[in-house]
Amino acid sequence: MTAWLQLVQITRKDLLIEARSGEALLVTTPFGAVALLFVPLAVGTDTPLLREIGPGLYWVVVLLFGLLVTLRHSAVDTPAQIALLRLCGVHPVVRLAGRAVASALLLLAFELLLVPVTVALYDPAPHGWPWLLVVLPLVATGLGLLGTLAGALAQGLDGRTTLGPVLVLPLAVPLLLGATQAPRAAALGHAPWPWLLLMLTVDLIAVLALLLGAPHLEEVA
Amino acid sequence: MTLFGRRLPIVAAVLLAVGLAAGLAAPPDRIQGNLQRLMYVHVPAAWLAYLGFVITFGASVAWWWRRKPGHDRLAAAAAEVGVFFTGLAIVLGSVWGKPVWGVWWTWDPRLVTTALMFFVYLGYLALRRATLDPQVRARRAAVFGVVAFVQVPIVHMSVLWWRSLHQPPTVLRPGDPTIDHSMLAALLMNLLAFTVVFTVFLRARMRLAAAHDEADATPGPLAGDAVSAPRLEGVTRDG
């Protein structure tokens, strides 16, 4: 089996497990929606203010809760599973890349499900929304890669779900900046390319980190 | 062998005293007055934070290459000292910012990226603390030590890449430093003093880590070893 087919099979396996457990889309997504509902209760139901801060809050929730999606329980391989994959000739990079692709797809679904919730609760101005078609996959890819890396670093630790976000969130800040600023720049009539380039750079650095780090992290497991 | 050594702490204390005197003897800033003297600690603290993280990066790469426990200990010690100096730089910058900028904190790119660097390396230390097995800990920390280093050039270049309230580099820049030479001399004196303090901390932390590893490797008495099974008076083992 080629590395490409292995990657597809691992992605498929992760998505099947998620479809059965529903941890990301049936538990974490409603949790994120509840967070979006709570903020107006805390800061006050001032409609113009909520319209202004809505997109930013959406991205904060995507980043914070998206990491829970990448660190979901079903994305944990036991030492026996890892040993089996190794015996089957699956390279560590392929194993983690497959997981990252599955996480990125789940994150994209997570982002798309929270969009109507944000629109309903905050009624943000629709300027620059077509750029979301580029921004959403870029954030999902970057966060999926970084989350996979954090999951591999914290593999087998008791505080995995708390340690993972601590490791990744500071590194994911350029994604937050790019995601919030690209549509805003477009709305003001500026080209949002620098922000898209920033997110793409983070994605590429995360790919590089995964390629270089995965073989070393496999020995950990 | 003591934790801090004998001579180096004395050298550090003398240099700190000289640095303090140089900082007080240097002329006050024309606009900021005496407040600017905080720079003589703030700037060395920031530079030594960079140095700590550069050492962590280099030692992490060296660990990948050679797999020597000493490299892992050096990476960990440098990260701890780097986090300390980053915290010091942030606190001193905040103390300076309140009277000059009017706020303890502002959303300036240099401040935000420095705070992020602080949290990135706190995460590095948390990762180390959470992993008990020394070999596994070294491997994971080496991977994250390399990834985390991305943040360091971003912090340094932030004042050039974005519009910033924080002043651009005055010494670490191409060409002649844009600082009065007597102030520069005091700054360099303090940099030397704090570098020696950095070395004292780094060496002490490495010695502590080595002692810790040695204690872990030596089998000691187990909890409960001294407890013997209860026996009723007058009852022999045979019953």
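Bear in mind the structure is a predicted one, so any value in this text is a computation, not a measurement. All chains are named by letter (A, B, ...) in the order of the sequence lines, taking the proteins before the strands, and each is independently numbered beginning at 1.
Crowding of B:Q32 atom CD: a count of heavy atoms from other residues, nucleotides or ligands under 6.0 Å exceeding 12. The 12-atom threshold is not exceeded at CZ of B:F119, counting heavy atoms of other residues, nucleotides or ligands nearer than 6.0 Å. A 6.0 Å sphere centred on NZ of A:K13 holds more than 12 heavy atoms belonging to other residues, nucleotides or ligands. Heavy-atom neighbours of B:R203 CZ from other residues, nucleotides or ligands within 6.0 Å: above the threshold of 12. Counting non-hydrogen atoms of neighbouring residues, nucleotides and ligands closer than 6.0 angstrom, the CH2 atom of A:W193 reaches no more than 12 such neighbours.
For the set A:L208, A:L167, A:V168, the count of heavy-atom pairs under 4.5 angstrom toward chain B peaks at A:L167.
A distance of 7.5 Å separates CG of A:L163 from OG1 of B:T131, quoted to the nearest 0.5 Å. Here the CG atom belonging to A:L171 is positioned 8.5 Å from the CG atom belonging to B:L116, to the nearest 0.5 angstrom. Note that the CG atom of A:L149 and the CZ atom of B:F144 stand 8.5 Å from one another [nearest 0.5 Å]. The CG atom of A:L212 sits 6.0 Å away from the CH2 atom of B:W64 when rounded to the nearest 0.5 Å. Note that the CZ atom of B:R139 and the CG atom of A:L217 stand 9.0 Å from one another [nearest 0.5 Å].
At distances below 3.5 Å, at least one donor-acceptor pair connects side-chain atoms of B:R140 with backbone N or O atoms of A:Q155.
With a 4.5 angstrom heavy-atom cutoff, B:F118 does not touch chain A via any of its atoms.
Looking at B:L127 and A:L157, their side chains come closer than 4.5 Å, going by heavy atoms from C-beta outward.
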